[in-house]
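Notes to accompany the following structure.
Not measured: the values here are computed from a predicted model. Numbers restart at 1 for each chain; the letters A, B, ... are given by sequence-line order, proteins then strands.
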Number of protein chains: 2
Amino acid sequence: MATIQDVARAAGVSTATVSRVFSAPELVIETTRQRVMAVVAQLGYEPNFAAKSLRTLRTEKILVTVPDISNPFFSQVIRGVEEAALAAGYSVLLGDTRHEEAREEQYAAMFRRKEADGLIFLGHRLPEALADMVASKGARTPIVNGCEFRPGLAVSSAHIDNEGAAAEVMEHLYGLGHARIGVVTGPLASPISSDRLSGVLSAAQRHGRASALRISIGDFSIESGVRQAGELLDELGRPTAIFCFSDEMAMGALEAIRRRGLSCPKDVSLVGFDDIRFARHLDPQLTTVSQPMEEIGHEVVRLLLDILSGRATTLQNVTLPHELVVRASTAPPAV
Amino acid sequence: MATIQDVARAAGVSTATVSRVFSAPELVIETTRQRVMAVVAQLGYEPNFAAKSLRTLRTEKILVTVPDISNPFFSQVIRGVEEAALAAGYSVLLGDTRHEEAREEQYAAMFRRKEADGLIFLGHRLPEALADMVASKGARTPIVNGCEFRPGLAVSSAHIDNEGAAAEVMEHLYGLGHARIGVVTGPLASPISSDRLSGVLSAAQRHGRASALRISIGDFSIESGVRQAGELLDELGRPTAIFCFSDEMAMGALEAIRRRGLSCPKDVSLVGFDDIRFARHLDPQLTTVSQPMEEIGHEVVRLLLDILSGRATTLQNVTLPHELVVRASTAPPAV
DNA sequence: GTTATCGATGATTTCGATTACATCAGAGCG
DNA sequence: CGCTCTGATGTAATCGAAATCATCGATAAC
């Protein structure tokens with residue numbers, strides 16, 4: 001592949017001029033520029049990325065780590081990230097951590113090696129290898145979190161009000177007349193689950209129904225929905241409504257309901273979380289909390305670009321709007 | 001961030017020795033190695049990636065372009081790619097082309113700039129910007145296709161036998177006694193759809209049922225499933241079975257069936273394609289063709305690594321096994 | 001008419017690592 | 001005892017582009 005030297009030689013100019021044609025064309029006179037461009041087209045020249053990157057100390061890449069790319073919620077967020085990044089001239093390095101710390105650290109090392117200008121992590125844990133960087137550079141560290149806000153995290157983030165959203169779900173169910181409610185959470189290590197659980201508990205207390213709550217811990221997968229919701233349904237004093245912390249688990253719960261010969265929403269109301277594309281196409285259409293997934297993606301990129309450009313000097317925690325979408329899977333309990 | 005010079009100075013050795021500690025430790029005597037490593041740990045040194053890449057002309061990155069990352073089929077394939085790549089010491093640069101040629105070309109330019117050692121594309125179109133590279137380097141071009149095999153493509157690929165799989169689906173339906181069958185394809189520009197359609201047509205001809213086929217062209221989305229299947233259901237002489245070229249469209253078709261007060265499989269049998277995670281959790285559980293998505297991901301990476309290592313000298317087109325998974329959504333037609 | 005200014009371009013250093021080649025001390029050998 | 005060989009390490013060229021500084025001719029200002 002042709003180098004800048006080849007182009008310079010063939011066009012009868014210096015490498016500096018060729019470089020300027022690309023990065024500061026207004027400094028080059030039109031005739032020279034055209035002569036250079038003609039040679040560029042003819043040789044199929046593209047500036048070598050590594051050389052450029054070494055000189056400028058920039059990669060124009062954003063590393064995005066995600067606990068599970070095959071989860072439709074995350075893949076929608078990533079779509080938003082990719083879109084906003086590309087629009088700003090950045091490309092996306094993807095890391096699927098599979099919820100494994102070792103992989104998180106592996107990607108953190110990549111970031112330290114400067115393989116990317118910034119890091120967006122959609123998990124809940126800041127890799128150890130980056131702790132010193134955050135400690136020394138503070139709010140100017142080009143690291144942003146998506147979805148999993150935690151006060152002590154010391155990086156900017158974009159997310160919804162998980163606690164408030166979960167409380168709204170409970171208000172909706174209590175409003176319909178449900179008293180015994182089952183909840184299938186995700187792993188409580190992550191704020192995404194613990195915040196929602198707080199919202200659930202405070203709403204229950206407000207209604208004096210805390211003792212009628214049944215909490216079961218899932219892992220956001222369909223299978224865990226089947227299992228955990230199944231256990232709740234098999235208890236004495238079966239809940240009349242189940243709230244799952246993800247649509248996928250709700251999908252599993254729906255299956256558990258059907259398997260027991262029960263019907264949703266006649267026997268059991270069901271609420272999910274996220275509003276992935278499939279939620280509105282289930283039978284019954286699923287009541288859920290809609291998260292602005294692509295917008296979260298846009299927003300984390302915006303936060304990161306602010307840091308990279310030196311605009312941001314303080315931490316920002318952006319709360320984006322969510323919406324309780326009431327569909328056919330919730331109804332008053334049977335009398 | 002510390003450079004190799006800083007480490008060399010602090011450890012009282014040359015930069016060559018520091019470099020060797022990382023890339024050829026057996027050449028460095030143990031005591032020296034430990035002294036260097038101590039300094040490395042203390043300074044938190046990581047080799048700068050751009051410098052290394054410039055010198056070695058390798059990036060240890062694979063660029064993967066995909067028509068739609070939020071499609072669960074593709075996100076599973078990507079998962080497989082990411083896994084195999086990481087195991088081989090490569091990381092994944094993700095490009096979501098959104099079915100737009102302009103974005104495909106944009107990512108092709110990235111590849112030309114050597115931002116990645118290899119390219120895996122899951123769409124059906126080889127970007128124009130890469131045609132000359134394929135033409136001049138032939139089978140040694142580090143470009144591989146996934147899923148969309150087409151004889152003239154001139155790059156290696158991994159995929160299933162789409163034509164055979166579609167024919168099997170039709171045999172299954174004819175075997176159950178269906179005569180009037182509706183088919184919802186994807187865009188026919190891609191081999192993935194046109195090959196399946198060939199399979200459908202040849203099976204129909206074998207059974208003398210070609211004239212009873214109804215073909216409708218969708219775009220793989222849920223919404224197009226609702227729409228195209230809906231149109232088929234509204235025709236005179238309603239089909240007793242519908243075969244959709246993706247599970248998502250089948251999900252839409254299921255909705256169209258229900259909206260008309262019909263029942264699956266009693267009134268209409270339904271078959272999807274891909275066997276995404278959701279397929280077995282729908283009601284009724286969906287009959288579909290299972291594709292080994294993660295394995296396709298592994299395989300395209302293997303093909304690419306073969307090229308990068310110089311092992312591969314001829315094109316390889318790998319056909320991976322698929323499987324017709326018969327579940328509850330198909331049954332004999334009502335009499 | 002001389003000098004400051006400016007626009008276009010060239011020469012050269014620089015980014016941080018890798019690596020071919022050079023060096024040097026000590027072991028082994030005749 | 002001197003020579004070669006080998007293992008450990010140092011020296012310096014190199015990768016390809018960007019950016020600083022230098023140059024040079026032309027124009028404008030006084």
* Sugar-phosphate only, base, or nothing, as touched by Ser53(B) at under 4.0 Å among non-hydrogen atoms -> nothing

* To do: For Thr17(A) and for Lys52(B), find the nucleotide of DNA chain C with the closest heavy atom, then tell me which residue's nucleotide is more 5'.
  => Thr17(A)

* Asked: Going by atom types only, do Arg58(A) and Thr56(A) share a side-chain donor-acceptor pair under 3.5 Å?
  -> no

* **Exceeds 12 heavy-atom contacts within 6.0 angstrom, atom CD of Glu100(B)** => yes

* **For atom CZ of Arg33(B) and atom C1' of dG7(D), their distance in whole Å** => 17 Å

* Looking across every strand, which nucleic acid part, if any, lies under 4.0 Å from Val18(B) by heavy atom: base, sugar-phosphate, or nothing? -> nothing

* **Base dG10(D) to side chain Arg20(B), donor-acceptor N/O within 3.5 Å cut-off** => yes

* Asked: Over how many whole Å does the gap from Leu27(A) atom CG to dA18(D) atom P extend?
  -> 13 Å

* With a non-hydrogen cut-off below 4.0 angstrom, is Glu30(B) in contact with a base, only sugar-phosphate, or nothing? -> nothing

* Side-chain N or O of Ser14(A) less than 4.0 angstrom from OP1 or OP2 on dG10(C)? -> yes

* Choose from dG16(C), dT9(D), dA17(D) the nucleotide whose nearest atom is closest to any side-chain atom of Thr3(B). => dG16(C)

* Asked: Do Arg55(A) and dA18(D) have a side chain to base donor-acceptor pair shorter than 3.5 Å?
  -> yes

* With no hydrogens and no angle check, is any side-chain donor or acceptor of Gln76(A) less than 3.5 Å from a backbone partner on Met293(A)? -> no

* What integer distance in Å separates Ile29(B):CD1 from dA25(C):P? -> 15 Å

* d(CG, Leu43(A); P, dG16(D)) in whole Å -> 14 Å

* Structure fact -> Residue pair Val13(B)/Leu57(B) against DNA chain D: nearer the 5' end by closest nucleotide is Val13(B)

* Asked: Arg9(B) CZ to dT11(D) P: how many Å, rounded?
  -> 13 Å

* Structure fact -> Side-chain contact check for Ala16(B): nearest option of dA17(D), dT11(D), dG16(D) is dT11(D)

* Would you indicate, yes or no, if dA17(D) has its OP1 or OP2 atom less than 4.0 angstrom from a side-chain nitrogen or oxygen of Tyr45(A)? => yes

* Asked: Closer to the 5' end of DNA chain D via nearest nucleotide, is it Thr31(B) or Ala51(B)?
  -> Thr31(B)

* Taking the side chain as every heavy atom from C-beta outward, state whether Lys61(B) and Glu115(A) have any pair of such atoms under 4.5 Å apart. => yes

* Asked: Can you tell me how far OG1 of Thr65(B) sits from CG of Leu122(B), rounded to the nearest 0.5 angstrom?
  -> 6.5 Å

* Between dA19(D) (P) and Phe22(A) (CZ): distance, integer Å -> 14 Å

* When the ring centroid of Phe22(B) is compared with that of Tyr45(B), is the distance short of 6.0 Å? -> yes

* Over how many whole Å does the gap from Glu60(A) atom CD to dA17(D) atom C1' extend? -> 13 Å

* To do: Determine the contact category for Ser23(B): base if any of its heavy atoms lies under 4.0 Å from a base atom, sugar-phosphate if only primed atoms, P, OP1 or OP2 are that close, otherwise nothing.
  => nothing

* Interatomic distance, Ile4(A) CD1 vs dG10(C) P [rounded to whole Å] -> 12 Å

* Can you find a side chain N or O atom of Thr15(B) that sits less than 4.0 Å from OP1 or OP2 on dG16(C)? -> no

